[in-house]
Amino acid sequence: MLLERYLDDLAAATMQEALGLEERPRALLRTTQDPKFGDYQINGAMALAKRLKKAPRDLAGPIAEAMAKHEAIAKADVAGPGFVNLTLDAGWLGRQLAAALGDARLGVDAVEAPEKIVVDFSSPNIAKQMHVGHLRSTIIGWSLVQLYRAVGHEVIGDNHLGDWGTQFGLLIVGMREFGDEGALEKDAIAELERVYKLASKKAKEDEAFAESARAELAKLQGGDPENTALWERFVATTRQTLEAIYARLGVRFDEWLGESAYDAMLPGVVETLLEKGIAREDQGAICVFFHDMDPGAIEGAVEGYALPKRLRKQKQPFIVRKKDGAFLYSTTDIATVLHRKEEMGADRSVYVVGAPQALHFEQLFAVMRLLGVEMGLEHVSFGSVLGEDGKPLKTRDGKTVKLKDLLDEAEQKTREIVEASRAEGKLRIAEEDLDEAVATIGIGAVKWADLMQNRATDYKYDPEKMCSFKGNAGPYVQYQYARVRSLFAEGGLEYEGFEAPIAPEHEAEVGLARVLIRFGDVVHRAAEGSLPNLICDHLYEVASAYSRFYTQCPVLKSEGETRETRLGLAALAGRQLEKGLELLGIEVLERM
Ligand code: ARG
């Protein structure tokens, strides 16, 4: 069940009845800052008092009295100027948790209006190394795919590869001059990147070379078979390199519709923009200028659409065709939205892309509104990964960090920590399971470190902290899950499908129960705000509460109802840890 929604409705209905109001008031339910004061508080009496010109405490009194009568509530008291503090009834809590334990969705109800959502994530560029920004997009995007699905949406994960555009002219002439076939087969991205760098340098110094690159690009975009075949090879070899990384990260895509997929639509897009007066010619290029735009004057624009302030101040145009006739990133993105809406039937298109592209998406979304497109468009932005020096993460010699090296390093660090803990007898991972365990823990650590932060903020990359089995880190949470599994193994009990009545009594039992009951709300909030960090916060609380419970409450040695309650709580903690980690794209180990 979604506890908060349930309590909020309950509180509003109770307020209406207790105060004899005609309309249903807003309960303004919040979690309490300090568990000393209970689990939740109703703040609605204050707003209501203002409106009814009464003293808030006079309203709060009858509300508390009526709330206390409900079976879910153990205690309701008036506090401060007129809040009502609520403490949940432990027996009621236990019944809800037992029901969640027997529910395949673990009490995460589906949304009432499911949508079809395209999640555009990872989306690296051919001929360029995936950098940490792409790593963040891949990790966050994959988590969002799981989160949206978990609350009942239909989700299409799309890898919008940067596989079209000016770099291909340079790559074609560059491969001819500097290319190494063997290297291309071995590591396509590295070789293409090397060639691209040499070619773009030469193009700057040598006008004839630059001109031939432009000519090859024009040939490619005109469908020339020889250049098309070359391009196909670049894409195919790059894709192999990428697939290896995605396999390592456990990430899959439903579509790989790169920029090139929209090529045929581009002339039509520009034509429509010109016809509707959204774009105009400026020094030979076709541009959308926002600073002097009046959306009301554009036929077919979304009714009542107002341009964001930042765009109205923006003199920099959104260019959709260059002077030489080439189309751009912006043009393919417009075509992509149209395709997602019309061909895929999507209700929402979500872009998991770093903060530096904020203006691009603002401009893109504005153009779509001017074209009358009403689907949901959302830029799920994120900050940078920083090195120890607080500047964007670079290798020692100042180069961008390759994704593969970063993952290798995390696994290496994990291996050291795991081997040391095994030597001390703290971890029970068998020799033959070691490689797989190290990969699961190491990759999990990288993902957790990334997802635990609010995605908007930058964070410091700290392999030591990230791989730790203590404190807020992936391995710690995985470890608490494995502890649940070994409890069941030790007791000779079947963990899968385990059900039991739950009646928490001991303080540590109630403490764990109060955390577990929030799972459904947390998953919904994380999906609504595209905020996987809320899942991390919850799982860390579950892991900590479980650890406290486990130290204070013997499980296998207890008896009767107490034993059932404890096993039930442990099983539900295990399920939430496993499901929650799955929503983050992190795998678990049964034994650690
Ligand atoms: N290829 C782009 C980059 O690496 C990201 C693409 C994001 N998706 C999009 N539809 N614009 O910066």
Side-chain angles (χ1 to χ4, degrees), residues 117-142 144-145 155-168 171 188-189 192-193 196-197 200 231 234-235 238-239 241-242 245-246 251 253-263 265-266 269 288 318-320 326-344 346 348-368 371 373 375-385 392-393 400-403 455 530:
I117 307 177
V118 175
V119 180
D120 180 321
F121 72 111
S122 194
S123 309
N125 302 319
I126 300 281
K128 265 200 205 150
Q129 290 290 348
M130 272 220 253
H131 52 68
V132 273
H134 293 118
L135 177 71
R136 290 212 77 184
S137 174
T138 310
I139 292 175
I140 297 170
W142 180 241
L144 295 182
V145 169
V155 185
I156 300 166
D158 186 9
N159 197 357
H160 188 81
L161 283 187
D163 61 358
W164 210 229
T166 36
Q167 76 262 41
F168 288 98
L171 279 174
I189 302 189
L192 290 173
E193 189 178 47
Y196 179 72
K197 276 188 191 145
S200 60
W231 171 82
F234 298 158
V235 176
T238 302
R239 191 165 156 162
T241 317
L242 293 175
I245 292 203
Y246 294 138
V251 168
F253 297 91
D254 303 295
E255 299 285 355
W256 287 69
L257 291 168
E259 293 174 24
S260 64
Y262 305 97
D263 184 54
M265 291 172 74
L266 304 180
V269 164
V288 182
F318 193 55
I319 308 173
V320 292
F327 301 107
L328 297 101
Y329 182 52
S330 44
T331 333
T332 40
D333 255 340
I334 298 171
T336 305
V337 178
L338 295 173
H339 177 85
R340 288 178 182 165
K341 180 173 189 281
E342 280 149 25
E343 305 301 318
M344 298 170 111
R348 224 198 299 173
S349 182
V350 174
Y351 300 82
V352 189
V353 184
Q357 290 192 33
L359 178 62
H360 166 78
F361 286 108
E362 233 172 285
Q363 292 173 320
L364 171 67
F365 299 167
V367 168
M368 299 324 294
L371 282 168
V373 170
M375 78 189 289
L377 296 168
E378 206 181 316
H379 175 204
V380 173
S381 168
F382 53 81
S384 318
V385 184
L393 191 66
T400 46
V401 177
K402 289 185 194 168
L403 241 161
R455 58 179 163 75
S530 304

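Both counts, for ligands and for their atoms, begin at 1 and track the order of listing. It should be emphasised that the depicted structure is a prediction, and the values quoted were computed from it without experimental measurement.
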Handout entry: Check: Ser123 N/O within less than 3.5 Å of ligand 1 N/O
Key = yes
Handout entry: Numbered atoms and elements of ligand 1 in range of Val353, under 4.0 angstrom, heavy atoms
Key = 7 (C)
Exercise for the section: Measure the shortest side-chain to side-chain distance between Thr332 and Leu266 over non-hydrogen atoms and say whether it is less than 4.5 angstrom. Expected result: yes
Handout entry: Location of contacts on Phe121 toward ligand 1, heavy atoms closer than 4.0 Å
Key = neither
Handout entry: Heavy-atom side-chain proximity of Trp142 to Val119 below 4.5 angstrom
Key = no
Exercise for the section: Could you check atom 8 (N) of ligand 1 against the protein and tell me its nearest heavy-atom contact, residue, atom and distance included? Expected result: Asp120 OD1, 3.1 Å
Fill in the blank from the handout: The closest protein heavy-atom partner of atom 12 (O) of ligand 1 is Gln357 NE2, 2.9 Å
Practice task
May I ask which of Val118, Asp333, Val337 has a heavy atom nearer to atom 9 (C) of ligand 1 than the others do?
Solution key: Asp333
Practice task
Select one of side chain, backbone, both or neither to describe which atoms of Thr336 lie under 4.0 Å from any atom of ligand 1, heavy atoms only.
Solution key: neither
Completion exercise
For Trp256 and Asn159, the nearest pair of non-hydrogen atoms, with its separation, is CZ3-ND2, 3.4 Å
Give the table of side-chain donor-acceptor pairs shorter than 3.5 Å for residues 350-360, with sequence neighbours excluded, one pair per line with atom names and distance.
from   : atom 1 : to     : atom 2 : distance (Å)
Tyr351 : OH     : Ser349 : OG     : 3.1
Gln357 : OE1    : Tyr329 : OH     : 2.6
His360 : NE2    : Asp333 : OD2    : 2.8

Handout entry: Contact check, side chains of Phe168 and Ile126, non-hydrogen atoms, under 4.5 Å
Key = yes
Exercise for the section: For His160, take its heavy atoms, then give the atoms of ligand 1 lying under 4.0 Å from any of them. Expected result: 8 (N), 9 (C), 10 (N)
Exercise for the section: Within a distance under 4.0 Å of any heavy atom of Asn125, pick out the atoms of ligand 1 and give their elements. Expected result: 1 (N), 2 (C), 3 (C), 4 (O)
Practice task
Locate the shortest heavy-atom distance separating Tyr262 from Ala335; write the atom from each residue and the value.
Solution key: CB-CB, 3.8 Å
Practice task
May I ask you to test the Val385-Val401 pair for a side-chain heavy-atom distance under 4.5 Å?
Solution key: no
Handout entry: Minimum side-chain heavy-atom gap Leu371-Ile334 below 4.5 Å
Key = yes
Practice task
Measure the distance from atom 4 (O) of ligand 1 to every protein heavy atom, then report the residue, atom name and distance (to 0.1 Å) of the closest one.
Solution key: His134 NE2, 2.8 Å
Problem - Top protein contact for atom 6 (C) of ligand 1, by heavy-atom distance - result: Tyr329 OH, 3.2 Å
